[in-house]
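In what follows, chains carry the letters A, B, and so on, assigned in the order in which the sequence lines appear, proteins first and then strands, with residues in each chain numbered from 1.
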Protein chains: 2
Amino acid sequence: MGTTEVDTRERIVAATSALFMQQGYSATGLKAIAKAGRATTGSLYHFFPGGKAELAAATLRHSGRGYEELVMSVIDGAPDVVTGLRACFAAAADLLRATDYVDACPIATVALEVASSDEPLRQVIDEVFRSWLDAAARRLAADGVPEERAQELAIVFVAALEGGFLLSRVARDASAMESVGRAVVAAVEDALAEARRGS
Amino acid sequence: MGTTEVDTRERIVAATSALFMQQGYSATGLKAIAKAGRATTGSLYHFFPGGKAELAAATLRHSGRGYEELVMSVIDGAPDVVTGLRACFAAAADLLRATDYVDACPIATVALEVASSDEPLRQVIDEVFRSWLDAAARRLAADGVPEERAQELAIVFVAALEGGFLLSRVARDASAMESVGRAVVAAVEDALAEARRGS
DNA sequence: CGGTCATTAGAACGATCGTTATAGTGCGAG
DNA sequence: CTCGCACTATAACGATCGTTCTAATGACCG
């Protein structure tokens, strides 16, 4: 049995994620996915009998988990949340520059395409974002940000990241990502200072 | 000559904008646009000889100008920038709720689709965003925010709007838009307070 | 060796894509 | 009235879409 079928499956998902990144959902054909993932149409439908919809759902879940782990590991690798967040935005800006502004968030691209026209996929993305927000809020709370404020700052964090990706990719200039990063860091610092001062 | 041809042209652009909003660029077929705009394929190619690409460019420019005027009119209708910004985010949240989270920004959706795969359209969107950022920065500077800070806050403003649209549409809950709104307002208030205090 | 089954290869389906071509409409100018 | 031109209608093109189907491959088990 080995690991062959698992590798093919993961290769297909990885190829799908890469294509979603730079073309979105609708513009990415199954033939292109098969070619990029070194698979055939038959193989593709063997692993994803539900066709494009099932493949997209699997890809979004996979990418969502991957990005969450990446972000959380960067933050946890820092002495505190504030410097962790700073590192996050710096890493995102570096990644954009290093990949010619291609490597960003495939989930956001697909999200805007399907949010109002493909309910099953919208729900998948909703779960992914919810998981991100929960993880970020927990991490902020662990560093002393009050519960309610932590949830709001988590939303601001994710929205800033996605907004930064959008503006940076369109402008082919990562300075937008750095700008929103500074704003998020300042907001978190404020919340922490207020928490230490107040009740 | 009358206004017939102008009306048809504008009807096509409006229909395109609406379809881009909920489906994006690739998923929106020319046939669907023609039907929604009460036009035919021939009529469509008469007004936009460049085909889908030219129609998309015209639509993005048109929508971009429209949103810029809308946002600036809301801000200018308020006594100061801070309450103007508050009104902006409140209006965006209300619009999302009123339209079942469909009516958002067609430009962001198309932007993520084409930023790395369609250079001409990317440049059009780049111009649109640049115009937004310039207008917002000028408005912030007019209310006393130092030049450099105004440009950065303009980026934060637009990124927050787009990030708020994304999260709110996916979650079908406009509270994310309200959260990012509060963060932007706080950041601007801070900048104004600092400007009044410092040099 | 023979048989089973997961996996692959690739052809073929109808539908729809963006685009083009052609014929036809109707209105304003001379 | 008639010519010209802006505009419309519709059919058709080749290409590609997502999907289905049938064969064939190949490794493991009795």
- Message: If we count only N and O atoms by modelled type, under 3.5 Å, do the side chains of A:E127 and A:Q123 hold a donor and an acceptor together?
- Response: no
- Query: Would you call B:D76 and B:R139 a salt bridge, taking side-chain N to carboxylate O under 4.0 Å as the test?
  - Reply: yes
- Nearest-Å distance, CZ (B:R38) to P (D:dA9)? 12 Å
- The nucleotide from D:dT10, C:dA9, D:dG18 with an atom nearest the side chain of B:T40 is D:dT10
- Task: Nearest whole angstrom, please: distance from the P of C:dA6 to the CG of A:L44.
- Result: 18 Å
- Which whole-number value in Å describes the distance from B:E54 CD to C:dG18 P? 15 Å
- Message: Nearest whole Å is fine: how far is D:dA9 P from B:F47 CZ?
- Response: 11 Å
- Message: So B:G29, base contact, sugar-phosphate only, or nothing? Heavy-atom distance under 4.0 Å.
- Response: sugar-phosphate
- Item | Position toward the 5' end of DNA chain D (nearest nucleotide), A:A27 or B:T41 | B:T41
- Mapping A:L30 and A:G42 onto DNA chain D by nearest heavy atom, which one lands closer to the 5' end? A:L30
- Take the protein atom CD of B:Q23 and the nucleotide atom P of C:dT16, then report the distance between them rounded to whole Å. 14 Å
- Item | Nucleotide nearest A:Y45 (side chain, heavy atoms from C-beta), chosen from D:dA6, C:dG18, D:dT20 | D:dT20
- Report which part of the nucleic acid B:T28 touches: base, sugar-phosphate, or nothing (heavy-atom distance under 4.0 Å, all strands). sugar-phosphate
- Message: In whole Å, I'd like the distance from the NZ atom of A:K31 to the C1' atom of C:dA11.
- Response: 10 Å
- Query: Could B:R122 and B:D126 be called an ion pair, given the rule that one side-chain N must be under 4.0 Å from one carboxylate O?
  - Reply: yes
- Validation row: A:F89, A:R182 side chains within 4.5 angstrom (heavy atoms): no
- Message: Rounding to an integer number of Å, can you tell me how far B:I12 CD1 sits from D:dA9 C1'?
- Response: 13 Å
- Message: Any donor-acceptor pair under 3.5 Å linking the side-chain atoms of B:D80 with those of B:T83?
- Response: yes
- Message: Need one value for A:G51: base, sugar-phosphate or nothing, where a base atom within 4.0 Å counts as base even if backbone is also close, heavy atoms only.
- Response: sugar-phosphate
- Query: What integer distance in Å separates A:L19:CG from D:dT16:P?
  - Reply: 16 Å
- Below 4.0 Å: OP1/OP2 of D:dT8 and any side-chain N or O of B:T8: yes
